[in-house]
Number of protein chains: 2
Amino acid sequence: MQQLIRESSLFREVSAQGLNQVLGSGILRSVEGGGFYFMQGDPAAHAYVLVSGRVKMVQIAPNGQQITLRIMTPGQTFGGIAILQPQAGYPATAQAEEDSAAMAWDTAHLRELAKTEPSISLNAMQLMHGYITELQERQQALVTGRVEQRIARILLKLAADSGKKTEDGILIDIPLTRQDVAEMSGTTLFTVSRTMSEWERNGLLKIGRERVIIREPHGLVKIADDLAR
Amino acid sequence: MQQLIRESSLFREVSAQGLNQVLGSGILRSVEGGGFYFMQGDPAAHAYVLVSGRVKMVQIAPNGQQITLRIMTPGQTFGGIAILQPQAGYPATAQAEEDSAAMAWDTAHLRELAKTEPSISLNAMQLMHGYITELQERQQALVTGRVEQRIARILLKLAADSGKKTEDGILIDIPLTRQDVAEMSGTTLFTVSRTMSEWERNGLLKIGRERVIIREPHGLVKIADDLAR
DNA sequence: TTTTCTATTTGCGCCAGCGCAAAGACAAAT
DNA sequence: ATTTGTCTTTGCGCTGGCGCAAATAGAAAA
């Protein structure tokens, strides 16, 4: 657990004594599956490092449609904007997908810590930079790519993040509904189902209820990178 | 000019002596219309504050299609990620739309300055947070909204940023081609033309070559916010 | 086993928006 | 006034992907 914090994206490179302060000033929060750490727009009062479980960052559009931004695994940071004035609202909602726990630091402590440990600020910026890059890539895909490509990319990304090798291919080791994939790729449940079924017929995937195994990553990559439009 | 820097998004709230250092360590670069301050992927060596002219931030997709992220006006910061390790590449390309000039600071100086003036780090984070919010909003619009809505929003945003009141309505005070609008709203030149012509017929807009006047902002807002889909 | 609940598939119809091509309208240069 | 180059409009045809509804299939509970 200390290990996890020390290597977390927010506190890596923090000195030994700094780390003690960090550990001392954080509090542990646990949220059961389906619950929320915070909702989009809430004043950004805490930054979190996930300790156990899985947490989904989602956005909810005015019309109620959901967009899943990312699925976090232990060690990852969310709500990092809390370093700024808490007036800044959280830009997304953090929902636990299963029972989970996370360490939390409030704005005041964070700023205090950042004063003596500048790497915290840098880490936070690094994180934000990462989000920006990711968002831009996604936006690019949305504008320039076909739905098919977007789905392929999401599957590959999931495989990279939580893939496990099996004899059949790479298993995406999270319960994953077609709806989930749709929310991540900006399309509908139906289109995802049709597309993935097609891929199963071609032998690219092996799919089951809430399960995806990638048989031929290479084939997916080819689809994802295909320039033709 | 000092005025501009003092009030810029990157250096606001910096102390008087800090500001002197800032002014001393920056260099002035000018780029003629069509030229580039930097290209997407270049190592992020400098952060800039625009002094004069207009600069467009664009992304170029693998297939060559362009996405315009924002159009900067004097006082705004671009390339702010340079505070991080320059290994981080710029996430977008900065192209001058007309003859322009900008103050530039390199990574080493920035970090030095940030050490004594912590507000610089905070400003940078604030900036990044702004981008993230903007990108997320745009992504949401891309996924959930109709093309019509996206165009309406872009026009409203442009009006907010560079609108000038005239007797006919709000003039968007930048030369703006249909292609530009298309790149910002993630659609095509043709669709933009058709949509805007329609709006002109309905009296919402008055349009000309590279010119847009919003006659009834309220009508556009209604389209932009319309939940029906 | 049977029931119940939720996830998934699939047929069908539909239309928003794309892409091309050709014509028209401006603005600046000659 | 004429030319040249760029921006804009518009007709036409096409199709990817959406949305609904009904059927099917798994998994878990009873």
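Protein chains get the first letters and strands the later ones, always in sequence-line order, with residue 1 at the start of each. Predicted model only: the values in this text are computed from it and were never measured.
Across all strands shown, E148(A) has no heavy atoms under 4.0 Å from either base or sugar-phosphate atoms. Residue-level contact check: R178(B) touches the backbone only, with heavy atoms under 4.0 Å from sugar-phosphate atoms and none from bases.
Nearer the 5' end of DNA chain D, as judged by each residue's closest nucleotide, is the contact made by R150(A), out of R209(A) and R150(A).
In this structure, CD1 of I207(B) is placed 14 Å from C1' of dG24(C), rounded to the nearest angstrom. Summarising the geometry, the separation between CG on D226(A) and P on dG16(D) is reported as 14 Å, rounded to the nearest angstrom. R146(A) places its CZ atom 13 Å from the C1' atom of dG17(D), with the value rounded to the nearest Å. Distance E200(B) CD to dT10(D) C1': 15 Å, rounded to the nearest Å. We find that CD1 of I151(A) is positioned 14 Å from P of dG16(D), with the value rounded to whole Å. dT8(C) atom C1' lies 17 Å from atom CH2 of W199(A), rounded to whole Å. Across the protein-nucleic acid pair, Q179(A) atom CD and dC18(D) atom P stand 12 Å apart, rounded to whole Å. Look at CZ on R211(B): it is 19 Å from P on dA25(C), rounded to the nearest Å.
Looking only at distances, a side-chain donor or acceptor of R150(B) sits under 3.5 Å from a matching main-chain atom of G186(B). Judged purely by atom type and a 3.5 angstrom limit, Q140(A) has no side-chain atom pairing as donor or acceptor with the backbone of Q59(B). E183(A) contributes no side-chain N or O that, together with a main-chain N or O of Q66(A), makes up a donor-acceptor pair within less than 3.5 Å. In this structure a side-chain-to-backbone donor-acceptor pair under 3.5 Å is missing from T77(A) to G80(A).
At a cut-off of 3.5 Å, with distance as the only test, a side-chain donor of E7(A) or Q3(A) sits close to an acceptor on the other residue.
Remark: E134(B) engages R70(B) in a salt bridge, criterion side-chain N to carboxylate O under 4.0 Å.
Of the residues in residues 183-196 of chain B, F190(B), S193(B), R194(B) come within less than 4.0 Å of DNA chain D through at least one heavy atom, sorted by number.
Not one side-chain nitrogen or oxygen of T177(B) sits closer than 4.0 Å to the OP1 or OP2 atom of dT6(D). Taking side-chain N and O atoms only, R201(A) has a distance below 4.0 Å to OP1 or OP2 of dT10(C).
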>> side-chain contact (heavy atoms from CB on, under 4.5 Å), that's the test. Do I27(A) and M103(A) meet it? Break it down for me.
In response: CA-CA 5 Å; I27(A) 57 172; M103(A) 281 288 264; over 6 Å; no

